[in-house]
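Here the structure is laid out as structure tokens; the discussion comes afterwards.
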Amino acid sequence: MTIQQVLALARPALLSLKPYSSARDEFDQSTAARDLIFLDANESPYPTTYNRYPDPHQRELKKVIASLKQISERQIFIGNGSDEAIDLLIRAFCQPSVHNVIIPSPTYGMYSVSAAINEVSVKSVSLTSAFDLDPDAVLYEINNNTRIIFLCSPNNPSGNLLSSEAIDKIIESFSGLVIVDEAYIDFSGSVSLLEAIDRKPNLVVLQTLSKAWGLAGLRLGMAFGHPDIIALLDRIKPPYNISSVAQRLAIEALDDRSSKQRRVNEILEQRRLMAKALQPLKSVKHVFPSQANFLLVRIKDAPRAYEFLVNDGIVVRDRSRVALCEGCLRITIGTAEENNKLLKVLAAYE
Ligand SMILES: *Cc1c(COP(=O)(O)O)cnc(C)c1O
């Protein structure tokens with residue numbers, strides 16, 4: 001596919017949209033002398049630290065992410081969580097009540113919720129019982145109104161990577177947008193698909209600062225793709241979607257790569273220990289292999305196991321009513337102390 005073909009799928013009304021122009025957008029900073037007096041945005045003049053609006057284009061943060069990811073700033077969209085990027089991608093490419101998206105099942109719930117909010121219908125395609133992706137089953141569901149295929153790898157709630165051959169086949173065969181959500185990529189032994197965005201204009205890769213970077217409270221998600229797709233998302237986003245606090249703290253946090261790597265390594269070690277310790281428990285039927293920071297565990301009477309854990313103050317996610325996850329709990333990897341407590345409680349569950 002060419003980028004022209006991809007853009008031809010975007011909603012025409014948005015391609016021709018005249019975006020909101022903020023006060024600072026209409027002033028060319030480069031032509032000015034230093035000490036500026038800003039009386040253009042109806043802000044308070046009193047320096048409460050946060051009296052000024054944030055940079056709507058997140059220039060400094062994008063510079064940091066570009067250097068970290070070795071891509072161009074123009075290939076980066078920053079959202080108020082990946083959830084904002086998911087919503088904007090659906091809004092940019094799907095006409096309500098007309099277009100549809102394809103979503104493998106089971107997977108992250110926000111794709112279908114965002115689609116429903118936008119009145120975009122969802123074609124659900126079951127993963128295999130081992131949570132593998134059957135590319136032909138996905139391609140079979142495509143019709144003239146299919147605009148987006150969502151793929152989550154490593155997949156939530158199963159934890160496995162989708163086969164890269166299957167993902168490639170879908171990107172190659174589908175004349176629409178393929179969104180690969182890599183929220184958990186830093187916990188996997190696999191490389192990101194990021195390097196492919198230069199060659200594949202119909203590919204958008206999502207990542208987030210919410211998991212491996214430990215910044216879920218900041219609400220920062222990223223979409224990486226062709227500069228023209230990124231520009232479209234930037235035109236339709238709320239102008240000040242990322243607060244000054246979030247931008248500043250993210251810039252600081254991204255500077256400390258070694259702490260992040262240390263925490264990721266610790267979680268990987270804990271994941272290994274947990275999988276090994278859970279397996280022999282009497283109540284545990286299966287521990288699914290994981291490339292993420294959680295384990296999907298099939299357990300005797302999952303809803304009762306959930307309550308049993310809650311009784312001891314441990315909250316996990318009951319996924320037992322999700323297709324293919326019958327009888328399963330999803331357990332996030334915590335600190336060594338937290339994990340040991342969980343193991344101790346589960347050892348008493350029968
Ligand atoms: C946790 C998670 C995210 C993160 O969403 P944010 O809005 O960035 O916090 C995205 N995708 C998947 C699959 C997730 O599990």
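Basis for what follows: all heavy atoms, side chains included, without hydrogens, waters or symmetry-related copies. Keep in mind it's a predicted model, so treat the numbers as computed, not measured. For ligands, and for the atoms within them, numbers begin at 1 and follow the listed sequence.
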Checklist line | Heavy atoms of other groups near E60 CD, more than 12 under 6.0 Å | finding: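 12 or below, so no.
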
Checklist line | Within 6.0 Å of CD in E350, more than 12 heavy atoms from elsewhere | finding: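 Open: at most 12 neighbouring heavy atoms sit under 6.0 Å from CD of E350.
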
Checklist line | Those protein residues which place at least one heavy atom below 4.0 Å from ligand 1 | finding: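 Close residues (ligand 1, cut-off 4.0 Å): G81, S82, D83, Y108, Y111, C152, N156, D181, A183, Y184, T208, S210, K211, R219.
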
Check: Do the side chains of F294 and V316 get nearer than 4.5 Å, heavy atoms only?
Finding: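 No - every pair of side-chain heavy atoms lies 4.5 Å or more apart.
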
Note to self: side-chain contact (heavy atoms from CB on, under 4.5 Å) for R257 and L68? Distances and angles first, verdict last.
What the structure shows: CA-CA 9 Å; R257 273 202 254 181; L68 184 73; 3.2 Å; yes

Notebook entry, point to check: Got a sec, which hydrophobics cluster with L39, joining ILVMFWY side chains under 4.5 Å apart, including via others?
Noted result: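 Its cluster partners, ordered by chain and number, are I37.
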
Check: When F224 is tested against each of I229, L203, I65 for side chain to side chain contact (heavy atoms under 4.5 Å, CB included), which residue passes?
Finding: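 Of the listed options, the one satisfying the test is I65.
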
